[in-house]
Amino acid sequence: MKKPLIILGIETSCDETAAAVYHQKKGILSNVFFSQIEIHKHFGGVIPEIASRSHLEKIHPIVQAGLDKAQVTLNDIDVIAVTNKPGLPGSLLIGVCFAKTIAWATHKKIIGINHLEGHAFSSFLENSVPFPHLCITASGGHTSLYLIKGFGDYEVLGETRDDAAGEAFDKIAKLINLPYPGGPIIEKLAHAVNYQDFFKYPRGKIKNLDFSFSGLKTAVLYDLINAGNYDMNAKKLLNTSLELKQQVASSLLVCIADIFQKKIAQAFVQYPHVKAVTFVGGVACNKYITSRLRMFCEKQNRLFFSPSAQYCTDNAAMIAFVGSYKAEQGLYSDWNLDILE
Ligand code: KG4
Ligand code: ZN
């Protein structure tokens, strides 16, 4: 019988330095990361130069922690899988250079992984999802709808034309004086008012399976201005009451959940043979959206999967998993492996 491979995954595409070890028989042996949220919080978003400096400091201890936690050494590793696209160039370079160096020095094989393919297959870390299925990937940088036909075999059905869903949460949070990242705090505020739709923001007019979230940000802004709650010239929120923040947060959350549900409904009509839906990426940490989509899919007789929070946000476990099936498919990279923004 063929010996199962052990894959070391490395992820540094944005603001998380992450490492994981995946065993083809035993599954995930470790999944560790250092989050830079506390560093970037003061700036209201990720500062690329600061991100790459932090990756440089953390990459070695994090990879070592990933190996230690899995109770393996570099000698036990067969393949190194590293995110090489898309992402912040300086951040990607740290991961790719580190991975290439240790792979070269210890005679390991290396595979460059698309971060979005990592998210798209992250549901497999905890579940076996039947093919074909739909996948919504929603994070701070991306929002896409995929038709997933097999491992590494997928088609983009729709993408955001402007902002990502997570970006909408982050930008609108900033507008109403909430800290970065916006998603978790918006969820908390919305929960307090029982997810009511106070302002009925527009759900978008796009007819195909693409998304658009920048209009939503503008709609929220004009709503605030028209109600005398925001001073456009001073770029300042005038009404800083908790009540207003809860109402905006709740209306926004319901609106985004509606948009996702509508796209899935539309995709079911166009692709009636899909057996399941997966919802992944940082925004999939949101319990309200996840439970709405789960209920909808179950009513439509489709299975629904969403990874636990540690595999929704950026992580190296999903990178190691994609590395695992790419190794099976013989899709190794060579030493010319480079980054792509
Ligand atoms: O996947 P991720 O960790 O990083 C990117 O690749 O962008 O996603 C981060 C995004 C942020 O925009 C954040 O606001 C959003 O995920 N997010 C959430 C929640 N937790 C994180 N959005 C909605 N609800 C949440 N609970
Ligand atoms: Zn991501």
Side-chain angles (χ1 to χ4, degrees), residues 9-18 20 31 33-38 40-41 44-46 48 51 55 83-88 91-92 95 113-123 125 135-144 146 159-160 163-176 178-192 195 211 213-214 216-217 248-257 259-260 278-293 306-319 321-322 341:
I10 296 178
E11 154 66 43
T12 62
S13 67
C14 187
D15 59 347
E16 248 118 33
T17 315
N31 181 42
F33 65 91
F34 171 77
S35 165
Q36 301 175 6
I37 283 188
E38 287 304 315
H40 299 292
K41 218 174 178 169
V46 178
H55 284 306
T83 305
N84 74 316
K85 64 181 173 193
L88 301 171
S91 294
L92 287 168
I113 308 288
N114 179 335
H115 178 84
L116 295 173
E117 187 169 338
H119 277 302
F121 287 85
S122 57
S123 295
L125 293 167
C135 169
I136 293 189
T137 301
S139 70
H142 304 274
T143 300
S144 316
Y146 301 100
E159 277 181 304
T160 181
D163 291 351
E167 203 175 349
F169 280 117
D170 296 339
K171 286 183 173 170
I172 293 166
K174 202 170 173 182
L175 206 63
I176 55 169
L178 297 175
Y180 172 86
I185 178 90
I186 284 180
E187 179 170 21
K188 215 169 135 195
L189 291 171
H191 178 75
Y195 311 105
F211 299 88
F213 292 102
S214 72
L216 182 54
K217 185 191 67 197
V248 172
S250 189
S251 309
L252 173 67
L253 187 50
V254 176
C255 177
I256 290 185
I259 292 171
F260 284 138
T278 65
F279 182 45
V280 303
V283 178
C285 291
N286 193 292
K287 300 236 163 33
Y288 170 79
I289 306 180
T290 311
S291 67
R292 282 270 316 268
L293 299 184
S306 187
S308 53
Q310 61 169 334
Y311 301 132
C312 279
T313 50
D314 286 351
N315 67 86
M318 65 186 192
I319 302 304
F321 179 77
V322 174
E341 283 175 44

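We count ligands from 1, going down the list as the structure has it; atoms in each ligand are counted the same way.
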With heavy atoms of Phe169 as the reference, note each atom of ligand 1 found under 4.0 Å away. 22 (N), 23 (C)
Report yes if some N/O of Gly166 lies less than 3.5 Å from some N/O of ligand 1; otherwise report no. yes
For Ser139, atoms of ligand 1 separated by under 4.0 Å from a heavy atom: 1 (O), 5 (C), 6 (O), 7 (O), 8 (O)
Which atoms of ligand 1 have any heavy atom of Pro181 under 4.0 Å away? 13 (C), 14 (O)
For atom 26 (N) of ligand 1, find the nearest protein heavy atom and state the residue, atom name and distance (0.1 Å precision). Glu187 OE1, 2.8 Å
Please classify the His119 to ligand 1 contact at 4.0 Å (heavy-atom distances, strictly less than): side chain, backbone, both or neither. side chain
Number the atoms of ligand 1 from 1 as they appear, then name those within less than 4.0 Å of a heavy atom of Gly141, with their elements. 7 (O)
Drop me the distance from Cys312's SG to Phe279's CZ, to the nearest 0.5 angstrom. 8.0 Å
Quick one: which ligand 1 atoms are inside 4.0 Å of a heavy atom on Val283? 16 (O), 18 (C), 22 (N)
If the Zn ion (ligand 2) is the vertex, what is the angle to NE2 of His119 and NE2 of His115, rounded to 10 degrees? 90°
Atom of Leu293, atom of Ala257 and distance for their closest heavy-atom approach: CD2-O, 4.3 Å
Examine distances only and state if a side-chain atom of Thr12 and a backbone atom of Ser91 form a donor-acceptor pair shorter than 3.5 Å. yes
Nearest heavy atom to atom 11 (C) of ligand 1 wins, so pick from Asp170, Thr143, Thr290. Asp170
How close do Pro179 and Ile185 get, counting heavy atoms only, and between which atoms? O-CG2, 4.0 Å
Who's the nearest protein heavy-atom neighbour of atom 7 (O) of ligand 1, and how far? Gly140 N, 2.7 Å
Which is closest to atom 21 (C) of ligand 1 in terms of heavy atoms, Ala164, Gly183, Gly282, Ala284? Gly282
Heavy-atom closest pair, residues Leu189 and Ala249: CB-CB, 3.8 Å
Numbered atoms and elements of ligand 1 in range of Thr313, under 4.0 angstrom, heavy atoms: 1 (O), 3 (O)
Go through it in stages, so that I can follow the logic: the residues are Ile10 and Ile319, the test is side chain to side chain contact (heavy atoms under 4.5 Å, CB included), and I'd like the CA-CA distance, side-chain angles, deciding distance and then a yes or no. CA-CA 7 Å; Ile10 296 178; Ile319 302 304; over 6 Å; no
So, the side chain of Glu187 versus the backbone of Lys287: is there a donor-acceptor pair under 3.5 Å, distance only? yes
Here the N/O/S atom of Asp314 closest to the Zn ion (ligand 2) would be OD1
Any atom of ligand 1 sitting under 4.0 Å from a heavy atom of Pro184? yes
For the side chain of Ser144 and the backbone of Thr137, is there at least one donor-acceptor N/O pair under 3.5 Å apart? no
Does Ala18 offer a backbone N or O that forms a donor-acceptor pair with the side chain of Glu11 under 3.5 Å? no
Contacts table for residues 165-172: side-chain donor-acceptor under 3.5 angstrom, sequence neighbours left out:
unit_1	atom_1	unit_2	atom_2	d
Glu167	OE1	Ala164	N	2.9
Glu167	OE2	Lys171	NZ	3.2
Asp170	OD1	Gly182	N	2.8
Lys171	NZ	Asp163	OD1	3.2
Lys171	NZ	Asp163	OD2	3.3

Identify the closest protein heavy atom to atom 24 (N) of ligand 1: which residue and atom is it, and at what distance? Asn286 ND2, 2.9 Å
What do you reckon, is CZ of Phe33 surrounded by more than 12 foreign heavy atoms closer than 6.0 Å? no
Give the atom numbers and elements of ligand 1 that come within less than 4.0 Å of a heavy atom of Gly182. 14 (O)
